[in-house]
Amino acid sequence: MAPTQTDNTARALPDVASDARPALAGVLDWVGMGEIEMPVSLVSDGQAGITSGARVNAFVNLRRGDVRGIHMSRLYLHVDKALSSEPVTPASIRRLLKDFLESHGDLSDRAMVSVQFDHLVRRPALASDNSGWKSYPVSITGVMDRGHFA
């Protein structure tokens with residue numbers, strides 16, 4: 001059977017992201033992005049800023065069952081801005097988590113970020129005046145839970 005001219009006609013489809021209601025309503029403990037590759041910088045023992053490649057996990061909860069989800073791109077943009085502009089410290093992690101929550105308004109009241117990287121430290125040799133590099137795995141996790149930072 002030969003195709004008719006109407007077989008190739010574009011059809012209007014609904015915008016399910018904004019029009020459709022969720023088929024199953026519910027809240028989520030954590031939703032977000034994992035294994036984001038990002039540079040991080042540290043200040044350590046008076047040394048100049050040290051930069052390492054890191055893997056970042058960024059999450060918020062979804063406490064409203066009547067919405068389709070969160071804005072993952074906002075999480076990514078906040079991570080990129082925060083980790084690109086200043087060294088990782090408890091204060092910078094706290095600001096990042098507050099940014100997550102502010103950008104998600106009434107959708108979320110909990111946020112979590114974890115940053116994993118290898119930190120290189122120059123160590124003196126035991127039996128000479130030489131030194132070498134030693135890599136130490138670092139994992140930093142911050143949680144903002146209903147206004148309480150840990």
Side-chain angles (χ1 to χ4, degrees), residues 10-126 128-150:
R11 296 177 186 96
L13 296 174
D15 179 1
V16 295
S18 62
D19 295 338
R21 305 297 277 167
L24 296 172
V27 299
L28 298 171
D29 288 333
W30 297 115
V31 60
M33 299 179 72
E35 299 293 312
I36 304 167
E37 294 182 14
M38 190 73 51
V40 295
S41 63
L42 300 172
V43 176
S44 176
D45 295 332
Q47 298 176 4
I50 300 167
T51 301
S52 297
R55 298 207 182 267
V56 180
N57 299 310
F59 299 99
V60 293
N61 68 330
L62 180 61
R63 61 189 186 113
R64 290 187 43 202
D66 63 326
V67 297
R68 294 189 55 81
I70 65 154
H71 307 282
M72 284 192 269
S73 61
R74 291 181 189 172
L75 294 179
Y76 178 87
L77 293 172
H78 286 303
V79 167
D80 186 28
K81 180 181 174 190
L83 297 181
S84 297
S85 64
E86 64 181 317
V88 174
T89 64
S92 68
I93 295 292
R94 186 171 196 256
R95 279 190 295 277
L96 176 58
L97 294 170
K98 287 177 114 179
D99 288 344
F100 285 179
L101 292 174
E102 287 174 8
S103 69
H104 284 81
D106 64 342
L107 298 178
S108 305
D109 60 3
R110 294 177 24 219
M112 176 173 53
V113 66
S114 66
V115 182
Q116 292 88 32
F117 58 95
D118 288 329
H119 180 57
L120 288 170
V121 177
R122 185 171 284 280
R123 306 292 301 189
L126 296 175
S128 73
D129 291 334
N130 297 321
S131 64
W133 291 98
K134 174 73 177 153
S135 176
Y136 295 92
V138 175
S139 180
I140 300 169
T141 300
V143 176
M144 184 71 73
D145 189 350
R146 294 168 189 90
H148 298 285
F149 174 68

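Treat the numbers as computed from the prediction; the structure is a model and nothing was measured.
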Quick check: closest heavy atoms across [X] and [Y], and the distance to 0.1 Å?
| X | Y | result |
| --- | --- | --- |
| Phe117 | Ser52 | CD1-CB, 4.1 Å |
| Ser131 | Pro124 | CB-CA, 4.0 Å |
| Gly65 | Val27 | N-CG1, 4.0 Å |
| Leu96 | Ala82 | CD1-CB, 3.9 Å |
| Val40 | Ala54 | CG1-CB, 3.7 Å |

For [X], all residues meeting side chain to side chain contact (heavy atoms under 4.5 Å, CB included), sequence neighbours excluded:
| X | value |
| --- | --- |
| Leu77 | none |
| Ser84 | Asp80 |
| Thr89 | Ala91, Ser92 |
| Ser85 | none |

Residues two or more places apart in sequence or in another chain: which of them pass side-chain hydrogen bond (donor to acceptor under 3.5 Å, both in side chains) with [X]?
| X | answer |
| --- | --- |
| Asp29 | none |
| Thr51 | none |
| Arg95 | Glu86 |

Is a side-chain donor or acceptor of Arg74 paired with a backbone partner of Ser103 at a separation under 3.5 angstrom?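 Present.
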
In Å, rounded to the nearest 0.5 Å, how long is the span from CD1 of Ile140 to CG of Leu42?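 These two atoms lie 6.5 Å from each other.
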
Using the ring-ring contact (aromatic ring centres under 6.0 Å, His included) rule, collect all pairs that involve residues 68-103, keeping only residues at least two apart or in two chains.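 Sorted result for residues 68-103: His71-His104.
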
Can Val67 and Leu62 be said to form a side chain to side chain contact (heavy atoms under 4.5 Å, CB included), step by step? CA-CA 9 Å; Val67 297; Leu62 180 61; 3.5 Å; yes

Mind jotting down which residue pairs meet the side chain to side chain donor-acceptor pair (under 3.5 Å) criterion with at least one end in residues 138-150? Sequence neighbours excluded, please.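 Not a single pair qualifies under side chain to side chain donor-acceptor pair (under 3.5 Å).
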
Are side-chain heavy atoms of Ile70 and Leu75 found at a separation under 4.5 Å?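 Ile70 reaches Leu75 side chain to side chain.
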
Could you go through residues 106-115 and list every donor-acceptor pair under 3.5 Å that involves a side-chain atom there, pairing it with any protein atom two or more places apart or in another chain?
{"unit_1": "Asp106", "atom_1": "OD1", "unit_2": "Arg64", "atom_2": "NH1", "d": "3.4"}
{"unit_1": "Asp106", "atom_1": "OD2", "unit_2": "Arg64", "atom_2": "NH1", "d": "3.0"}
{"unit_1": "Ser108", "atom_1": "OG", "unit_2": "Asn61", "atom_2": "O", "d": "2.4"}
{"unit_1": "Asp109", "atom_1": "OD1", "unit_2": "Asn61", "atom_2": "ND2", "d": "2.7"}
{"unit_1": "Ser114", "atom_1": "OG", "unit_2": "Asn57", "atom_2": "ND2", "d": "3.0"}
{"unit_1": "Ser114", "atom_1": "OG", "unit_2": "Gln116", "atom_2": "NE2", "d": "3.3"}

Qualifying residues under salt bridge (Lys or Arg N to Asp or Glu O under 4.0 Å), relative to Arg55, sequence neighbours excluded: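 If we apply the salt bridge (Lys or Arg N to Asp or Glu O under 4.0 Å) test to Arg55, skipping adjacent residues, the hits are Glu35, Glu37.
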
